[in-house]
Number of protein chains: 2
Amino acid sequence: MNLVKAWDILKENGYKETSKRNQILELFVNDDRYLTARDLLDVMQKDYPSMSYDTVYRNLATFVSLGILEETELSGERHFRMHCESDSHHHHFICMDCGKIKEIPVCPMDMLGAALPAYEIDNHKFEIYGKCPACK
Amino acid sequence: MNLVKAWDILKENGYKETSKRNQILELFVNDDRYLTARDLLDVMQKDYPSMSYDTVYRNLATFVSLGILEETELSGERHFRMHCESDSHHHHFICMDCGKIKEIPVCPMDMLGAALPAYEIDNHKFEIYGKCPACK
DNA sequence: ATGTAAATCGTAATCATTCTTAATTAGAAA
DNA sequence: TTTCTAATTAAGAATGATTACGATTTACAT
């Protein structure tokens, strides 16, 4: 996902263009990893010392709901990153050191199609955790 | 996992037998679902009105570290349940209504063995969420 | 029965997250 | 360009889960 595409989505849904939103998005475009709300606020406050948690969390929630960012829970904290470019369903290897991801193109649900009759399947989560080659 | 086995593990590791520990374990043995610390405290306080969060969380952490309980994060809260009997590696379907689980005997990592060379794989998570037949 | 380390209680502190109210701002309309 | 209005933000209080701490109690080895 890039800036232009993100703004297209935001504009389509009637959201206004603010410098803070833009800088949050730029940060995610340039820093391709999972970040916490706290991480984000720390970086943003270098340019906007008065930025509050509310702004961070409100915009993160907006971006996630529009599919601009994706979210996961790592060691008890919510982490956010720019949604991948690839529009096909996939999963992630996540480096627990640097937060960078590697896309895993296969989905285990493909092989479980009929394995759970009578169950209503609403969602699933498949993530692999470890160290990427650079951090190992 | 049953009470006897759980106490074997606790004793092996030098933990003392207390009535509260026993009642927490009994509760998990009899209520085969994912519960939050809050759920647990609410039930326990019927018999031990003075039980504190500290006791709940401390024992939950102990039980998880010894492999007596297993833990997962559901909609922003930690949930705990008795560790499954089956000692072979498996995953879970989790009913988001009643918290009950169904074991999924297959593991997607089996098919990804060599797909991530140069990566150090420490852990992985595969869970399926939805409604069980009873709740559907 | 006694001593000691472990366990628990009661409560305060902490951390992430959400909420509230008032002030500011982007973008539409005049 | 100026005005208007709804969206956005700031500042900080409130919430809810979790952890920490000093004082007290308890399990159990001796």
Side-chain angles (χ1 to χ4, degrees), chain A residues 3 6-27 34-66 68-69 71-81 99, chain B residues 3 6-27 34-66 68-69 71-81 99:
Chain A
L3 256 190
W7 276 118
D8 282 351
I9 296 172
L10 284 162
K11 288 304 181 66
E12 273 169 27
N13 291 88
Y15 288 93
K16 291 181 178 176
E17 182 166 351
T18 70
S19 61
K20 284 153 205 191
R21 274 199 182 126
N22 199 56
Q23 189 147 342
I24 292 174
L25 291 171
E26 278 182 349
L27 196 154
Y34 273 110
L35 300 171
T36 63
R38 171 95 239 168
D39 293 336
L40 180 59
L41 185 63
D42 286 346
V43 178
M44 292 297 295
Q45 286 190 332
K46 287 174 189 161
D47 287 306
Y48 301 97
S50 68
M51 179 175 280
S52 72
Y53 271 114
D54 188 72
T55 302
V56 168
Y57 279 108
R58 185 167 22 73
N59 283 310
L60 286 175
T62 300
F63 296 159
V64 169
S65 74
L66 295 175
I68 294 170
L69 295 182
E71 179 184 358
T72 195
E73 211 263 17
L74 301 172
S75 47
E77 267 183 282
R78 286 155 73 196
H79 287 62
F80 303 85
R81 56 165 275 119
Chain B
L3 255 189
W7 276 118
D8 283 350
I9 296 172
L10 283 162
K11 288 302 180 68
E12 273 169 28
N13 290 88
Y15 289 92
K16 293 181 177 173
E17 181 166 353
T18 70
S19 61
K20 283 152 206 192
R21 274 199 181 126
N22 200 55
Q23 188 147 342
I24 292 174
L25 290 171
E26 277 182 349
L27 196 154
Y34 272 110
L35 299 172
T36 63
R38 171 95 238 169
D39 293 337
L40 181 59
L41 185 62
D42 286 346
V43 177
M44 292 296 295
Q45 286 190 332
K46 287 174 190 162
D47 288 306
Y48 301 97
S50 69
M51 179 174 280
S52 73
Y53 272 115
D54 188 69
T55 302
V56 167
Y57 279 106
R58 185 167 23 73
N59 281 309
L60 286 174
T62 299
F63 297 160
V64 169
S65 75
L66 295 176
I68 295 170
L69 295 182
E71 178 184 358
T72 195
E73 211 262 16
L74 301 172
S75 47
E77 266 183 281
R78 285 156 72 196
H79 287 64
F80 303 86
R81 55 165 277 120

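These numbers come from a predicted model, not from an experiment. We name chains A, B, ... by the order of the sequence lines, and we start the count at 1 in each one.
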Interatomic distance, CD1@I68(A) vs CH2@W7(A), rounded to 0.5 Å, equals 8.5 Å

Can you check nucleotides 28-30 of chain D for protein contacts, nitrogen or oxygen pairs under 3.5 Å, and list what you find?
| residue | atom | partner | partner atom | Å |
| --- | --- | --- | --- | --- |
| dC28(D) | OP1 | E17(B) | N | 2.8 |

- Side-chain heavy atoms of D39(A) within contact of Y34(A), under 4.5 Å: no

Notebook entry, point to check: Does some side-chain heavy atom of Y15(A) sit less than 4.5 Å from a side-chain heavy atom of L66(A)?
Noted result: yes

Answer yes or no: is there a side-chain heavy-atom contact under 4.5 Å between L3(B) and N22(B)? yes

L35(B)/L27(B) under side chain to side chain contact (heavy atoms under 4.5 Å, CB included): CA gap, chis, key distance, verdict:
CA-CA 10 Å; L35(B) 299 172; L27(B) 196 154; 3.5 Å; yes

With sequence neighbours left out, the residues meeting side chain to side chain contact (heavy atoms under 4.5 Å, CB included) with D54(A) are S52(A), R58(A)

**Asked** Taking the side chain as C-beta and beyond, is there a heavy-atom pair between L10(B) and T62(B) under 4.5 Å?
**Response** yes

Minimal heavy-atom distance between V56(A) and A37(A), with the atoms involved, is CG1-O, 3.8 Å

What residues 35-44 of chain A contributes to the DNA chain D interface at heavy-atom separation below 4.0 Å is none

Tabulate protein N/O versus nucleotide N/O from nucleotides 1-3 of chain D, keeping only pairs under 3.5 Å, one per line.
none

note: R78(B), atom CZ; dG16(D), atom P; distance rounded to Å ~ 18 Å

With sequence neighbours left out, the residues meeting side chain to side chain contact (heavy atoms under 4.5 Å, CB included) with D47(A) are Q23(A)

Within residues 50-60 of chain B, those residues having any heavy atom closer than 4.0 Å to DNA chain D are Y53(B), D54(B), Y57(B)

Applying side chain to side chain contact (heavy atoms under 4.5 Å, CB included) to V64(A) and not counting sequence neighbours gives L69(A), E71(A), F80(A)

Contacts of T18(A) meeting side chain to side chain donor-acceptor pair (under 3.5 Å) (sequence neighbours excluded), chain-then-number -> none

With sequence neighbours left out, the residues meeting side chain to side chain contact (heavy atoms under 4.5 Å, CB included) with K16(B) are R21(B)

D42(A) meets the side chain to side chain donor-acceptor pair (under 3.5 Å) criterion, sequence neighbours left out, with R38(A)

First and last nt of DNA chain C near chain B, cut-off under 4.0 Å to heavy atoms, 5' to 3', are dA5(C) to dG10(C)

Here the pair of heavy atoms bringing K11(B) nearest to E17(B) is NZ-OE1, 3.2 Å

Beyond-backbone contact of F63(B) with I9(B), side-chain heavy atoms, under 4.5 angstrom: no

Backbone N or O of G76(A) within a donor-acceptor pair of the E73(B) side chain at under 3.5 Å? no

Double-helix bend of the helix from dA1(C)-dT30(D) to dA30(C)-dT1(D), axes at both ends from 5 pairs, round to 10°, gives 20°

One should read off an interatomic distance between L74(A) CG and H79(A) NE2, to the nearest 0.5 angstrom, of 5.0 Å

